[in-house]
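Each remark here refers to the structure printed beneath this line.
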Amino acid sequence: MCGIVGYVGQEQAAPILLEGLSKLEYRGYDSAGVAVYADQKGTLEVHKAKGRLQVLSDLLQGGASVHGCVGIGHTRWATHGAPSDVNSHPQVSRSGRIAVVHNGIIENYAELKAFLMEQGVPFTSETDTEVVAQLIEHFYDGDILQAVGRVLRRIEGAYALGILCADAPDQIIAVRKDSPLILGYGKDCSFLASDVTAIIRHTRDVVYMDDGEVAVLRRDGIQCYNHLMQPIEKEISHVDWEIDAAEKGGYEHFMFKEIMEQPEALRRCIFPRIRDGEVYLEDFALSEEYIRNIEKIYIVACGSSYHVGMVGKYNLERLTRKPVEVALASEFRYMDPIVSADTLVIVISQSGETLDTMAALREAKRLGATILSIVNVVGSSIARESDMVLYTWAGPEIAVATTKAYSTQMAVMDLLALYFARVLGTVAEEEYQAAIRELLLLPAKMETILADKDDIQYYASQYFNHNSVFFIGRNVDYAMGLEGSLKLKEISYIHSEAYASGELKHGTISLIESGTLVVALASYQKLFEKSMNNVVEVKSRGADVLALTTESRREEMGKVANAVIAIPDTHDLLLPSLGVVPLQLFAYYVALMRGCDIDKPRNLAKSVTVE
Ligand code: AGP
């Protein structure tokens with residue numbers, strides 16, 4: 001999704017903007033641009049280029065050819081208007097004296113554009129963002145802040161904006177509504193960014209802007225305003241993760257680095273929450289009485305986070321005997337959900353900014369539910385709008401394909417299920433203790449899987465030429481298959497489907513023919529025999545079966561499958577946490593062998609802030 005960076009200080013702005021934008025590349029984009037106040041000429045200098053950031057950087061000699069110490073930069077992910085130089089941001093007003101970078105969508109742009117065109121304003125791009133730049137100029141009479149305020153009263157939709165005005169060369173105006181924007185406080189300089197990774201090299205002191213807020217950034221400080229344009233004080237947060245966490249650190253791809261980081265991420269996520277054999281959840285405001293009275297739990301999320309919810313449903317229902325429904329966030333708000341004050345809505349999101357998930361959260365809140373979110377990015381919108389947050393502590397995740405965030409979300413779901421079950425008395429002491437023991441062993445068991453990654457690489461070399469893959473499984477194995485299938489298709493572009501094994505015979509099995517690759521997931525012990533039957537079923541139709549099961553079942557499975565990947569045995573609750581790792585590695589190696597752009601797959605963005 002689009003990325004914004006801004007800088008006001010004493011150093012040359014363009015190199016800082018380009019470096020900041022390079023840290024936001026992971027979000028997904030198709031063009032880039034910068035606008036810098038050219039102090040010698042009293043004008044705004046704007047440079048834009050379709051394609052990779054490197055194209056722009058080469059054009060500007062890494063920024064060295066653009067002078068000036070105040071500027072804004074942008075990586076664009078096209079929504080209104082195809083990727084092109086002219087549609088790239090910054091968008092400028094007709095006089096060229098207002099420049100705007102924007103993340104989000106101006107929903108009423110067509111109406112505003114028509115109004116401006118009636119006034120004789122010419123448009124050069126197809127973007128909704130140009131409307132903002134032109135409208136600011138339309139209202140501008142010497143007071144840029146006032147003009148921005150008037151525009152904000154007219155535009156609808158989601159937006160994070162960075163605005164430069166040639167007449168106010170010492171400042172940037174920032175605006176936020178439903179799209180993330182962070183302010184950074186440096187020494188004799190200020191920053192603006194879509195996320196912390198863009199500015200962490202320069203400052204760790206940040207302010208997370210809230211919806212409706214406006215900020216004026218100057219070299220000597222930042223003034224924030226509320227939606228009524230009254231000055232406000234904001235609390236400065238200190239970012240405590242290391243810069244290395246957002247760098248590749250010798251790995252070829254962020255995705256691989258993040259796969260390998262999972263054991264450490266799990267230790268950070270799990271260990272502080274288990275003390276003396278008990279689960280402790282920090283900042284957890286749900287009383288025991290509330291937990292007992294929960295009538296229904298909804299889990300709402302998108303993509304991989306939704307897949308965590310699928311596993312979470314099986315585990316929560318099994319341990320707590322409370323009914324759990326999992327909903328795609330993009331469907332939730334349009335399905336007239338049955339939600340009351342006794343409904344707990346668990347929202348899962350790595351970025352904490354996914355627009356569909358945020359909209360679902362707001363709808364659930366409006367209907368009176370209590371919102372508990374499981375989020376990775378500290379201070380993100382979803383975290384701030386929830387009644388309670390359990391952070392996953394996975395550290396920054398840069399690759400578009402989520403891995404360590406998925407694993408830590410799952411761990412938090414497990415901790416939550418155990419915590420609820422303890423309160424409700426629905427789990428036997430022995431099982432509770434066994435699950436806790438296994439949770440503590442999870443990182444080490446995952447390390448043994450990662451140590452055998454060459455085996456997975458070998459299987460990838462056998463199968464990377466397939467054009468269609470089926471993942472089959474029952475119960476949590478089915479939920480795990482959904483994630484394995486998504487990982488494979490998003491980074492390797494191979495068509496793949498995940499099916500509940502028992503459902504195959506109702507239609508899909510007609511697609512199985514000689515040589516079709518079926519990844520059969522059979523880690524769930526209670527249904528192992530049935531899963532074996534499904535392997536036999538597809539094999540007898542000619543499928544090539546790569547099976548995944550536990551060490552204790554390796555031999556048995558080896559008798560029917562063509563190849564077997566075995567994960568360490570563990571508590572049932574945790575099987576998907578281990579089982580997903582070979583699937584992540586498989587997708588990674590297949591994509592590598594197919595020469596795909598692993599960290600930035602086509603058409604995808606890390607954080608999806610449009611509906
Ligand atoms: C998974 O690899 C994807 N990048 C995607 O499905 C992602 O999980 C989804 O967009 C939800 O994102 P979120 O967790 O940041 O809300």
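Note that this is a predicted model, so its numbers are computed, not measured. Atoms within each ligand, like the ligands themselves, are counted from 1 in listed order.
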Among protein heavy atoms, which lies nearest atom 15 (O) of ligand 1, and at what distance? S351 OG, 2.7 Å
Flag for Q409-T392: side-chain donor and acceptor within less than 3.5 Å: no
May I ask you to identify the nearest protein heavy atom to atom 8 (O) of ligand 1, giving residue, atom name and distance to one decimal place in Å? S304 N, 3.1 Å
Look at atom 12 (O) of ligand 1 and say which protein heavy atom is nearest, naming residue and atom and giving the distance to 0.1 Å. T354 OG1, 3.5 Å
If only atom types and distance count, is the side chain of S501 paired as donor or acceptor with the main-chain N or O of G473 below 3.5 Å? yes
Scan residues 409-420 for pairs that pass salt bridge (Lys or Arg N to Asp or Glu O under 4.0 Å), counting only residues two or more places apart or in two chains. none
Centre-to-centre under 6.0 Å for Y478 and F471, is that the case here? no
Which atoms of ligand 1 sit under 4.0 Å from any heavy atom of S305? 8 (O), 13 (P), 14 (O)
For this output row, return yes or no: ring centroids of H253 and Y588 closer than 6.0 angstrom. yes
Show me which atoms of ligand 1 lie under 4.0 Å from any heavy atom of A401. 2 (O)
Would H466 and Y463 count as a close aromatic pair, with their ring centres under 6.0 Å? yes
For K487, state whether at least one heavy atom is located under 4.0 Å from any atom of ligand 1. yes
With side-chain contact (heavy atoms from CB on, under 4.5 Å) as the test, pick out the partner of L183 among D205, V207, I199, T203. V207
Looking only at protein heavy atoms, which one is nearest to atom 10 (O) of ligand 1, and how far off is it? V608 CG2, 4.2 Å
Tell me whether the centres of the aromatic rings in Y406 and H307 are closer together than 6.0 Å. no
So, regarding V400 and ligand 1 (criterion: nitrogen or oxygen to nitrogen or oxygen, under 3.5 Å), is there a contact or not? yes
Does ligand 1 have a heavy atom under 4.0 Å from the side chain of E353, from its backbone, from both, or from neither? neither
Does the N or O separation between T357 and ligand 1 drop below 3.5 Å for any pair? no
When distances are taken from atom 11 (C) of ligand 1, the protein heavy atom at minimum range is C302 O, 3.3 Å
Identify the protein heavy atom lying closest to atom 3 (C) of ligand 1, giving its residue, its atom name and the separation to 0.1 Å. E490 OE1, 3.6 Å
